[in-house]
Protein chains: 2
Amino acid sequence: MSDVAATGISVLLVDDHPIVRQGYRRVLESQGDLHVVAEADNAADAYGAFKTHDPDVVVLDISMPGASGLEAIRNIRARNPRARILVFTMHNEAVLVKAAFGAGASGFVTKSSEPTAVVTAIRSVARGERAMSDDIAHILAEDSLSAGSALDQLGEREIEILRQFAGGATTEQIASHLNLSVKTVQNYHYLIKTKTGARTDAQLVRLAASCGLTKI
Amino acid sequence: MSDVAATGISVLLVDDHPIVRQGYRRVLESQGDLHVVAEADNAADAYGAFKTHDPDVVVLDISMPGASGLEAIRNIRARNPRARILVFTMHNEAVLVKAAFGAGASGFVTKSSEPTAVVTAIRSVARGERAMSDDIAHILAEDSLSAGSALDQLGEREIEILRQFAGGATTEQIASHLNLSVKTVQNYHYLIKTKTGARTDAQLVRLAASCGLTKI
DNA sequence: GCCGGCTTGGGAAATTTGCCCGAGCTGCGA
DNA sequence: TCGCAGCTCGGGCAAATTTCCCAAGCCGGC
């Protein structure tokens, strides 16, 4: 890792949209102390670029399709636990934010924030601090949960029911598969929602899919 | 409308992410012949900015949340049928592309295209030509060959609601996004289920995902 | 033995779903 | 031009489900 104070902050940009990367690059480099040393448009390349360039900060969007964004974070951190990763995305769902921090991200900024928010977040993250945009802080506060990364808080039965539900099974089907009363399955359904913070069945399905519980 | 040949091409940028706009502005203005004369971050402002600046080309993302993107296109075209509108978004679903052209767009470029694709598309559109990026052409071609997915039986509104629902939005959120009553959204929800044959919300999400309406 | 967590379900209020209805609007063909 | 068909929008109401709160049995750990 380079000497931040003397040479500025080296940044690896990861976003799947080329023009978006190019735009960010210009915005960041106009700051003077921020230098984009590499770009990547997918998780695998991001890991490769990280290994060869060892940037101070990784700014990563990857739009979080699937768990590949989270995997990228985990991969990078596995290689270098001191790596600073700033997630910069349009998503603002609490489950995603928590998953990102749980995977080892140092910051989370939404694209709807002021442009300066990313810049200051990069500097904060480079100093080893945790950073997030105001809206994310608000969302996490609302979420007001302490537990771990979504599925970790679920028991075996709950995960099994979530899997079947996300796979498209009806409550009755799940009940008969598992030899439970419909009422119990309904209760689990509710419990899972509250534990994961999902407000909607659709969010539940997306959560299950992004955790690899279900393939779509 | 200004004289394109002599003064270059004036552009109105519409995107809901400030930093993205700032990035585009830098990329476009580095071209010399492209001048960003105004920006907007929502459909209403886009219409207002169009009225006051009368740009040669409107580059519009708005991320298509709700039909507001399509409405913006229709509004602008209603005011000036010669308006050139280039949709520039991360979405690449055939239904959306067709809807955009149907609403009066002159071009459709995805953000995953090469940065030069937008620039050349803007010039094409300014000349009155139709423009689309290679991936969009490919998707439309495939689409025209396939007999039709389950989504073909759905109307524009239904598809929009399905997209938002599958994306994790609650009934209330969808209703307020689209300015509908909750009841209407509930009815659409039901209608979509019966039309697609989905028995469960989870099945609906999976259907939307498998049709490319939503990325998980 | 006791505490805490998982699993299983009851109960009742609140909400949503399932279906049927009508009305306004638009485009299209007779 | 008329009328039909389809989309959009919402009311109504019974039936179903969700939401929460609660209790009880079981099991592992301290």
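All chains are named by letter (A, B, ...) in the order of the sequence lines, taking the proteins before the strands, and each is independently numbered beginning at 1.
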*From the options B:I85, B:L13, B:V11, select the one residue that forms a side chain to side chain contact (heavy atoms under 4.5 Å, CB included) with B:V58.*
B:I85

_Expressed as a whole number of angstroms, how long is the span from A:R199:CZ to C:dT15:C1'?_
13 Å

_Donor/acceptor link under 3.5 angstrom from A:N187 side chain onto base of C:dG10_ = yes

*Would you please confirm or rule out a distance under 4.0 Å between OP1 or OP2 of C:dG18 and any side-chain N or O of B:K193?*
yes

*Would you indicate, yes or no, if C:dT17 has its OP1 or OP2 atom less than 4.0 angstrom from a side-chain nitrogen or oxygen of B:Y190?*
no

*Would you say a side-chain N or O of B:S181 is under 4.0 Å from OP1 or OP2 of D:dG10?*
yes

*Separation of A:Q186 atom CD from D:dT19 atom C1', in whole Å?*
10 Å

_Nucleotide D:dC27, atom C1' - distance to CZ of A:R157 in whole Å_ = 15 Å

*Can you tell me how far P of C:dG5 sits from CG of A:L191, to the nearest Å?*
13 Å

*For B:E160 and D:dT8, what is the distance between atoms CD and P respectively, to the nearest whole Å?*
11 Å

*Rounded off to whole Å, could you give me the OH-to-P distance for the A:Y188 and C:dG10 pair?*
14 Å

*Taking the six-membered ring of A:F108, is NZ or CZ of A:R130 closer than 6.0 Å to its centre and within 45° of its axis?*
no

*Can you tell me how far CZ of B:F101 sits from CD1 of B:I73, rounded to the nearest 0.5 angstrom?*
9.5 Å

*Would you kindly compare B:L180 and B:K183 by the position of their nearest DNA chain D nucleotide and give the one closer to the 5′ end?*
B:L180

*Does OP1 or OP2 of C:dT17 have a side-chain N or O of B:H189 closer than 4.0 Å?*
yes

_Output the rounded distance in Å from CD1 (B:I174) to P (D:dC9)._
13 Å

*N or O in side chain of B:T184 less than 4.0 angstrom from D:dC9 OP1/OP2*: no

*asked:* Can you confirm whether or not the ring centre of B:F88 sits under 6.0 Å from the ring centre of B:Y24?
replied: yes

*asked:* Does A:R199 have more than 12 heavy atoms from other residues, nucleotides or ligands lying within 6.0 Å of its CZ?
replied: no

